[in-house]
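Here is the structure we will look at.
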Amino acid sequence: MILIPLLLALPQEVGHTRSRLETQGRLDSWAAEDMDGNGLVDLILADVGEGQRALRVHLQNVASRFSPVPDMNIQVPQGVTSWAVGNFRKDEGQEGLEFIFFARDGAFVRTQTGRLERLTRATMLLDIPSDKLLPRWTVVEDLDGDGLDEVVLVTWEGFEILSPDGVLRGSIPLSLDEPRSPAAEVMVLGVGRPKMTSEELSDLFVPDDGLGVIEPPPLLHAEVRLPKPFLVEVNGDKKLDLSWYRDGKINLHFQNGEGQFSPQPDRVLELPPVEGFDNERLDWVGLGGGSADDLLLVRSRSAGFLSGDWQTWVWFDAGQKPRLGDPEGIWKLDAGWVQPWVEDMDGDGFQDLALSGWHLDVGLAGRRGASVRHELTTYPSLGGRGLDRRAAFKHERNYGVGDLEAFSLVPAVVPDLDGDGKGDLLESTAQGHLESRRILGLGKKMNPSSDISFEIPLGVLGSMVEVLDLNSDGVGDIMVRGFSSWDLFLTDMR
């Protein structure tokens with residue numbers, strides 16, 4: 001463990017306790033959950049290496065430290081295509097969570113004792129396991145407030161919503177897109193299209209009734225697509241509903257009083273078309289301050305990474321309306337790429353909107369003269385009455401491409417990192433270090449501090465940064481993901 005003091009405007013207020021977790025192979029997916037039920041968030045790392053796939057569980061202790069050696073090593077059977085984690089069993093005297101393993105013919109709960117119990121029998125859409133991938137399935141939530149999690153499955157027939165005892169809460173039939181070869185792909189609007197590429201047929205393992213039973217692989221395979229389902233609160237009744245998108249339409253299935261879902265959508269919202277623009281991102285967010293989630297849509301008319309017209313549309317309480325109608329507002333930006341952020345930046349209890357615009361200037365001197373500019377534009381909440389059309393502030397940073405030594409992919413606006421109750425700005429330097437700045441003022445008077453709150457040296461090329469409150473102290477902790485490692489910087493309030 002390494003204790004890193006921070007260079008703060010008020011010294012000795014905050015420090016970071018660093019832990020480094022390494023996998024034997026490639027870190028393919030992960031989760032942060034309380035695995036042992038002691039109230040502390042633990043880390044699950046999906047480790048994929050030569051001839052093995054495993055889930056490594058690192059438990060957090062009361063000193064906010066993670067052991068570099070996994071507390072649990074769970075070998076994943078060859079027939080498993082993906083995994084999920086949640087509370088699926090309520091056993092006497094046992095606290096903590098269980099795993100679900102998905103296979104071609106259904107889903108299995110792995111209990112805390114290591115026993116596999118079949119949850120359901122179904123023909124899953126993702127039906128070809130890979131020894132090079134171990135993705136996590138995240139559509140797992142407690143739908144009825146009983147403390148146990150339900151799961152949404154994507155099968156060849158459509159969606160199935162299942163209780164942890166295997167009882168069907170809803171079955172939503174969907175037609176598959178035209179078959180393609182040679183990969184199975186799930187469409188995720190705004191998140192990209194994660195692809196499960198097929199391997200040589202001789203390397204494939206296809207499970208039979210049991211996870212350890214192997215049968216010959218099929219002679220042919222094809223790529224097919226289905227939308228990804230999302231569990232969101234869209235109609236204001238404080239119950240999670242199911243949403244999915246296809247062909248310009250958002251389909252909503254409301255959870256009824258008995259916890260069931262209708263096969264047919266209760267509401268269909270059609271996105272208004274705009275000639276020449278592509279839909280880049282579609283998210284349910286909490287910007288309006290009401291009881292239902294709001295809809296955020298990012299559109300672009302781009303000429304590549306150099307420049308383009310970008311628009312961010314927002315509809316408040318979209319699921320409560322029979323049709324979308326006019327948006328609350330449209331925020332426009334000229335950039336090569338735009339990323340939205342939704343965060344309470346000034347600590348007033350309402351979410352604000354920030355837009356990251358990335359610009360590439362090629363210059364006249366080749367790579368040495370090229371530069372990348374990041375422009376962050378923020379629009380404050382009007383106290384639950386909407387979003388300001390005028391920006392509170394703009395913050396810019398330039399990176400000379402020829403001067404880049406390392407670079408991390410960093411969320412620009414993050415939850416409170418220093419205990420002042422406000423969001424913070426987080427940036428990567430040309431050397432790959434992390435810099436944080438406080439946000440001063442409220443609402444229209446928000447502005448980033450000219451002083452750096454702290455800097456963490458990383459120097460890792462191509463790392464990805466996440467911010468979560470791992471030790472439940474109300475302050476964000478920094479997680480830096482490398483190819484085969486996590487570097488954790490847990491905030492130490494003094």
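Since this is a predicted model, take the numbers as computed values, not measurements.
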Given side chains that start at C-beta, do those of V41 and D34 come closer than 4.5 Å, heavy atoms only?
no
Any side-chain heavy-atom pair from V85 and M35 closer than 4.5 angstrom?
yes
Ignoring hydrogens, what is the shortest heavy-atom contact between A32 and L470? Give both atom names and the distance.
CB-CD2, 4.3 Å
Would you please name every residue forming a ring pair (Phe, Tyr, Trp, His ring centres under 6.0 Å) with W284, sequence neighbours left out?
none
Within-4.5 Å side-chain heavy-atom neighbours: L376 and K394:
no
Trace of the ring-ring contact (aromatic ring centres under 6.0 Å, His included) decision for W83 with W137
CA-CA 6 Å; W83 63 282; W137 183 245; over 10 Å; no
When you check the gap from the basic side-chain N to the acidic O, do K422 and D420 get nearer than 4.0 Å?
no
Salt bridge check, D388 against R390: does any charged N sit closer than 4.0 Å to a carboxylate O?
yes
Quick one, L21 and L43 - any side-chain contact, counting heavy atoms below 4.5 Å?
yes
Is it true that R438 and D418 make a salt bridge, defined as a side-chain N closer than 4.0 Å to a carboxylate O?
yes
Ring pair (Phe, Tyr, Trp, His ring centres under 6.0 Å) partners of H374, counting only residues at least two apart:
W358
With sequence neighbours excluded, what pairs up with R397 under the salt bridge (Lys or Arg N to Asp or Glu O under 4.0 Å) test?
E427, E435
Inspect the contact between R437 and D451 and indicate whether a charged nitrogen and a carboxylate oxygen are less than 4.0 angstrom apart.
no
State, with a plain yes or no, whether a side-chain heavy atom of L40 is found less than 4.5 Å away from one of N471.
no
